[in-house]
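Side-chain atoms are counted along with the backbone in the values below, which use heavy atoms only and exclude waters and symmetry mates. Lettering of chains follows the sequences in order, A, B, ..., and the numbering in each one begins at 1.
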Protein chains: 2
Amino acid sequence: MAQTKNFRFEELLDKHHLKKTGARLRVLSMMYSKNTATSQPDLESVMSDIDRVTLYRILNVFEEKGIIHKVFDLNGTANYAVCHADCGENHHHDEHLHFNCTNCKNVYCLDDLHMPRLNLPEGFKADSFTLYASGLCPKCSKKNASSIN
Amino acid sequence: MAQTKNFRFEELLDKHHLKKTGARLRVLSMMYSKNTATSQPDLESVMSDIDRVTLYRILNVFEEKGIIHKVFDLNGTANYAVCHADCGENHHHDEHLHFNCTNCKNVYCLDDLHMPRLNLPEGFKADSFTLYASGLCPKCSKKNASSIN
DNA sequence: AATGTAAATGTAATTATGTTGCATTTATAA
DNA sequence: TTATAAATGCAACATAATTACATTTACATT
């Protein structure tokens, strides 16, 4: 039930020495309730009573603490998603596939799909990889199959 | 020599039925002279005599025609690079590695490094992939090795 | 329970980024 | 040479993000 879930988020904030404010809890519960990333514009319109600047600051600390990670979609728009992997303070393990649906514009973080090792040209020293793909997500590819608009 | 190179760019514009204007030729010669992508802010400051709007429009037609492609760096900033592969009108083959150096901020398009095939979860239908990596480029990793700042 | 304080939020202003409409100029085909 | 479609410049607008500072609030400590 709702209390249990909220308690979980309060614990999370505690763990990172962040104060448990209404705005932060709402952002957390929104992001954890979806299996897709949340775009900055979306977040703003849903949480329109919270000041834009406050939202930016919440997103920034959450990112610093390793609670969420930022990913840019095909249009360069910032999207935020919860980190499922072992992301720590200023240390993101964001090495999964970001799938951008060209129809519904949703960004999916496919965590189970890990990066294959590949050898870079001489001299390049990579410390992180991210893979992007675009196309149709399950919902939209099903929709298109039945009725080609 | 310069004339020969310029002729090459004029040919390119001709091929795509674009008028040979000074601004376009300058953008082309700048982008072709580098092995890294050019950020939108960089382009603006170098070509400060050309109107911002004109630059946006030049970049857009070049992208539509498949002459250049757009890539967002780690900060979500737009970067543009010439297409070496077989990009056609509204049809980009951008499936190579984009390496973002965390030190000099340069974005390298490593064309020779192609995407490994990978199987997506049920339902996802991808039509394009892009791989991002961040770390140190050859120049910066050499620099860091000699003098750790 | 009251309260002091650092942390968090709100407000206003500023900068960067990108777009649109329209007037003017220019490359080029005829 | 000239007509004209394309390209550019200019002004205004829209959105995204940051900074400085005033106000409020969570919460540790008494």
Side-chain angles (χ1 to χ4, degrees), chain A residues 6-7 9-30 37-65 67-80 89 105 107, chain B residues 6-7 9-30 37-65 67-80 89 105 107:
Chain A
N6 226 37
F7 180 67
F9 299 139
E10 295 187 0
E11 260 191 335
L12 185 61
L13 290 176
D14 258 345
K15 198 177 92 182
H16 291 286
H17 312 295
L18 297 172
K19 288 184 179 172
K20 290 164 250 174
T21 67
R24 283 172 177 173
L25 289 169
R26 279 170 61 197
V27 170
L28 280 180
S29 92
M30 175 184 179
T38 308
S39 76
Q40 206 283 330
D42 263 23
L43 201 73
E44 242 181 66
S45 72
V46 173
M47 313 262 172
S48 56
D49 54 321
I50 301 171
D51 192 86
R52 269 165 38 77
V53 181
T54 302
L55 281 178
Y56 278 111
R57 286 191 278 228
I58 288 176
L59 295 171
N60 283 338
V61 294
F62 283 4
E63 203 189 0
E64 279 166 24
K65 299 292 187 181
I67 299 171
I68 62 173
H69 65 272
K70 192 201 285 201
V71 43
F72 296 99
D73 67 17
L74 295 172
N75 309 312
T77 305
N79 282 253
Y80 297 89
E89 190 121 357
K105 312 299 178 199
V107 175
Chain B
N6 225 36
F7 180 68
F9 300 139
E10 295 188 359
E11 260 191 333
L12 185 60
L13 289 176
D14 259 345
K15 198 177 91 182
H16 292 286
H17 311 294
L18 296 171
K19 288 186 179 173
K20 291 164 252 176
T21 68
R24 283 173 177 172
L25 288 169
R26 278 171 60 199
V27 170
L28 281 180
S29 92
M30 174 182 180
T38 307
S39 75
Q40 208 281 329
D42 263 23
L43 201 74
E44 244 182 62
S45 72
V46 173
M47 312 262 173
S48 55
D49 53 320
I50 302 171
D51 192 86
R52 270 166 29 80
V53 180
T54 303
L55 280 178
Y56 278 108
R57 286 191 276 229
I58 288 176
L59 295 171
N60 283 338
V61 294
F62 282 4
E63 202 189 359
E64 279 167 22
K65 298 291 188 179
I67 298 171
I68 62 174
H69 65 273
K70 191 199 286 201
V71 44
F72 295 100
D73 67 18
L74 295 171
N75 309 311
T77 305
N79 281 253
Y80 297 89
E89 190 122 357
K105 313 298 177 198
V107 175

Protein-nucleotides 17-20 of chain C N/O pairs closer than 3.5 Å?
unit_1  : atom_1 : unit_2   : atom_2 : d
dG18(C) : OP2    : Tyr56(B) : OH     : 3.1
dG18(C) : N7     : Arg52(B) : NH2    : 2.6
dG18(C) : O6     : Arg52(B) : NH2    : 3.3

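Side chains of Leu28(B) and Phe62(B) form a contact here, defined as non-hydrogen atoms less than 4.5 Å apart. Between Arg24(B) and Lys19(B), the closest side-chain pair of non-hydrogen atoms falls below 4.5 Å.
Nearest heavy-atom pair, Leu59(B) versus Ile68(B), reported as atom, atom and distance to 0.1 Å: O-CD1, 3.7 Å. Here the closest heavy-atom approach between residue Glu63(A) and residue Lys70(A) is recorded as OE2-CB, 3.4 Å.
For Thr21(A), no side-chain nitrogen or oxygen approaches OP1 or OP2 of dA8(C) to under 4.0 Å.
Under the rule for a salt bridge (charged side-chain N to carboxylate O under 4.0 Å, His left out), the partners of Arg52(A) that lie at least two apart in sequence or sit in another chain are Glu44(A). For Asp14(A), the salt bridge (charged side-chain N to carboxylate O under 4.0 Å, His left out) partners at least two apart in sequence or on another chain are Lys20(A). Partners of Arg26(A) according to the salt bridge (charged side-chain N to carboxylate O under 4.0 Å, His left out) rule, which considers only residues two or more places apart in sequence or in another chain, are Asp49(A). Partners of Leu25(B) by side chain to side chain contact (heavy atoms under 4.5 Å, CB included), not counting sequence neighbours, listed by chain and number: Asn6(B), Phe9(B), Glu10(B), Leu13(B). Take Thr38(B) and apply the side chain to side chain donor-acceptor pair (under 3.5 Å) test, not counting sequence neighbours, and it matches Lys34(B). With sequence neighbours excluded, the residues forming a side chain to side chain contact (heavy atoms under 4.5 Å, CB included) with Val53(A) are Asp51(A), Arg57(A), listed by chain and number. Partners of Asp73(B) under the side chain to side chain donor-acceptor pair (under 3.5 Å) rule, at least two apart in sequence or in another chain, are Asn79(B).
With the end axes of the helix from dA1(C)-dT30(D) to dA30(C)-dT1(D) each set by five pairs, the angle from one to the other reads 30° at 10° resolution.
Here dT26(C) presents its P atom at 18 Å from CG of Leu13(B), a figure rounded to the nearest Å. Between the CZ atom of Phe62(A) and the P atom of dT9(C) there is a distance of 9 Å, given to the nearest Å. As rounded to whole Å, 10 Å separates atom C1' of dT9(C) from atom CD1 of Ile50(A). Distance Leu55(A) CG to dA8(C) P: 15 Å, rounded to the nearest Å. Look at NZ on Lys19(B): it is 10 Å from C1' on dT25(C), rounded to the nearest Å. With rounding to whole Å, Asp14(A) atom CG is found 12 Å from dA8(C) atom P.
Annotation: the span from Tyr80(A) atom OH to Leu55(A) atom CG amounts to 10.0 Å, rounded to 0.5 Å. Taking NZ of Lys105(A) as the start and OG1 of Thr77(A) as the end, the distance is 10.5 Å to the nearest 0.5 Å.
Taken residue by residue, residues 23-30 of chain A places no heavy atom nearer than 4.0 Å to DNA chain D.
Put simply, chain A comes within 4.0 Å of DNA chain D, heavy atom to any atom, from dA16(D) to dC27(D), going 5' to 3'.
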